[in-house]
Amino acid sequence: MDKAALAAALGSPSAFGQSQFAFVRGNAFEAKVKADGGTELLRLWCERTGFEAPAADEVAVPDLSAAGPEGRAARTALALREATAAGRWSVLDHPMLALAVAGSPAYLEPDAVIVQPDGRWTVVEIKSFPMIDDSADAAKVGAAARQAAVYVLALERVADRLDGAAVNHSVLLVCPKDFSNLPTASVVDVRKQLSVTRRQLARLTRVEDIAAALPEGATFDLERPAEELTAAVESVGAAYAPECLAACELAFHCRERARAAGAVEALGRGVRGELGGLTTIGAVLAAAEGEAYDATDPTVAALRRAAALRAGALTTAPDAGTPRPEREAAGCR
């Protein structure tokens, strides 16, 4: 479904997205990297792996156009098969891959895939954040590695059906060098991310099971009244975390619901993990204030210790001539 349209219909439209300037800059950088039939891209890969860079006329760039995502995925699989059988360098520009997620096909589009003469395939991720002195922001590299791991996993599904093909568990991350628009690259090992992704996919509830648990007659038709649409969305469980704001169009709706319910998840997964069985902010405050909770519980003990330290800090803090009740009313709590 179109989650952006659904969020708008619920009254919580998503407000995030890449700026037009960043979008244009990213596209220009990607075009520069892939220019001349992928010659620069292969040069970067060979420079990092020790292969001899091929000449421009030794590189094939197959046409991957087809009707619909299913057609493009089939055309990509055929192009990979042909490139592997030919035993030559090939660059697949924006191939389409399919991966089963919770029992339903998801279509993925990596920036590029390199096919080596020995039949090995490598995923290429092109990002617009810079590598300064051959080092990039660790958080951004980690996010790119997790994204690339999903592509590797989908590519393995194709390689499993083809003799002589293998997928590299290291991907090529291409970024601007320092503060220029010149490309540089790093080889990133994604084996750890692959293991995590496999476990996550194995634990996902299948779409059929989620649908079977919905109330009879539930529908996400955008033409339905807002009250009915909200009730239908609420019938599907959600686990909101602040990280959702960067990836999901329904994050603002789920955040509003989490805050209304006083769920500690709204404070972050780290906080949620530290609080054990205390699942609401009300329960956390009650435990900290000494209400009917087991004082021997480590979480309760830590909360009460923190509350005592806070009370002591407020008591001994310079008053600056303002009575305590007024300070608290002004937001000093």
Side-chain angles (χ1 to χ4, degrees), residues 3 16 18 45 48-49 69 73 76 80 94-114 120-129 131 135-161 165-175 185-210 236-251 254-255 258 263-276 279:
K3 289 200 296 181
F16 64 90
Q18 191 175 37
W45 172 245
R48 293 297 183 272
T49 55
T76 295
L80 287 167
H94 283 291
M96 182 67 72
L97 306 172
L99 181 66
V101 178
S104 294
Y107 292 97
L108 313 168
E109 188 176 1
D111 292 323
V113 170
I114 294 173
R120 297 193 68 82
W121 306 345
T122 303
V123 170
V124 178
E125 266 298 291
I126 302 174
K127 296 297 185 183
S128 58
F129 57 81
M131 281 189 188
S135 180
D137 182 271
K140 293 179 179 180
V141 172
R146 290 190 294 273
Q147 180 181 350
V150 181
Y151 298 148
V152 171
L153 198 58
L155 203 58
E156 286 182 336
R157 301 295 187 266
V158 182
D160 289 343
R161 301 192 296 267
V167 182
N168 275 326
H169 289 170
S170 293
V171 303
L172 184 67
L173 176 62
V174 182
C175 299
S186 176
V187 177
V188 181
D189 189 334
V190 297
R191 285 177 294 181
K192 179 181 178 180
Q193 290 81 2
L194 274 172
S195 298
V196 172
T197 302
R198 289 192 181 101
R199 289 197 301 271
Q200 289 175 334
L201 289 175
R203 292 200 304 264
L204 286 177
T205 305
R206 294 180 62 84
V207 172
E208 295 89 340
D209 298 333
I210 296 174
V236 181
Y240 170 77
E243 294 88 344
C244 297
L245 293 171
C248 181
E249 294 85 350
L250 288 173
C254 294
R255 181 179 66 176
V264 296
E265 287 85 355
L267 303 177
R269 291 192 176 97
V271 175
R272 174 67 186 90
E274 293 287 340
L275 292 174
T279 59

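In Arg198, the CZ atom is crowded: over 12 heavy atoms of neighbouring residues, nucleotides or ligands sit closer than 6.0 Å. Annotation: Lys3, atom NZ; neighbour count of heavy atoms from other residues, nucleotides and ligands within 6.0 Å is above 12.
Atom CG in Asn168 sits 5.0 Å away from atom CH2 in Trp45 (nearest 0.5 Å). Asp137 CG to Met131 CE: the interatomic distance, rounded to the nearest 0.5 Å, is 11.5 Å. Atoms CD and SG, from Glu243 and Cys248 in turn, are 12.5 Å apart once rounded to the nearest 0.5 Å. One distance of note links CD of Glu125 with CG of Asp111; it measures 4.5 Å at 0.5 Å rounding. In this structure, CG in Leu108 is found 9.5 Å from CD in Gln147, a value given to the nearest 0.5 Å. The CG atom of Leu153 sits 10.0 Å away from the OG atom of Ser195 when rounded to the nearest 0.5 Å.
Scanning all heavy atoms of the two residues, the minimum distance from Thr122 to Leu172 falls at CG2-N, 4.2 Å. Of all heavy-atom pairs between Arg48 and Val187, the closest is CB-CG2, 3.6 Å. Leu173 and Ala144 get closest at one heavy-atom pair: CD1-CB, 4.1 Å. Counting all heavy atoms, side chain and backbone alike, Tyr240 lies closest to Ala251 at CE1-O, 3.6 Å. The shortest heavy-atom contact between Pro95 and Val113 is CG-CG2, 3.8 Å. Pairing each heavy atom of Leu267 with each of Pro242, the nearest pair is C-CG, 4.2 Å.
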One pair to check against side chain to side chain contact (heavy atoms under 4.5 Å, CB included): Val124 and Val174. What are the steps and the verdict? CA-CA 7 Å; Val124 178; Val174 182; 4.2 Å; yes
I would like to know whether Val152 and Trp121 meet side chain to side chain contact (heavy atoms under 4.5 Å, CB included); could you show each step before the answer? CA-CA 9 Å; Val152 171; Trp121 306 345; over 6 Å; no
Quick one: do Val171 and Asp189 satisfy side chain to side chain contact (heavy atoms under 4.5 Å, CB included)? Show the steps, please. CA-CA 7 Å; Val171 303; Asp189 189 334; over 6 Å; no
Any chance you could lay out the side chain to side chain contact (heavy atoms under 4.5 Å, CB included) test for Tyr151 and Val167, step after step, and finish with the verdict? CA-CA 10 Å; Tyr151 298 148; Val167 182; over 6 Å; no
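Counting only distance, with no hydrogens or angles, the side chain of Thr197 and the backbone of Ala149 share no donor-acceptor pair below 3.5 Å. Between the Arg157 side chain and the Ala98 main chain, no donor and acceptor come within less than 3.5 Å of each other.
One finds no salt bridge joining Arg272 and Glu274 here, because no Lys/Arg side-chain nitrogen approaches an Asp/Glu carboxylate oxygen to under 4.0 Å.
A side-chain N or O of Glu156 and one of His169 form a donor-acceptor pair less than 3.5 Å apart.
Taking the side chain as every heavy atom from C-beta outward, Ser170 and Val188 never approach each other to under 4.5 Å. No side-chain heavy atom of Val150 sits less than 4.5 Å from a side-chain heavy atom of Arg146.
Within the structure, every pair that satisfies the salt bridge (charged side-chain N to carboxylate O under 4.0 Å, His left out) test and touches residues 96-110, not counting sequence neighbours, is listed here: Arg72-Glu109.
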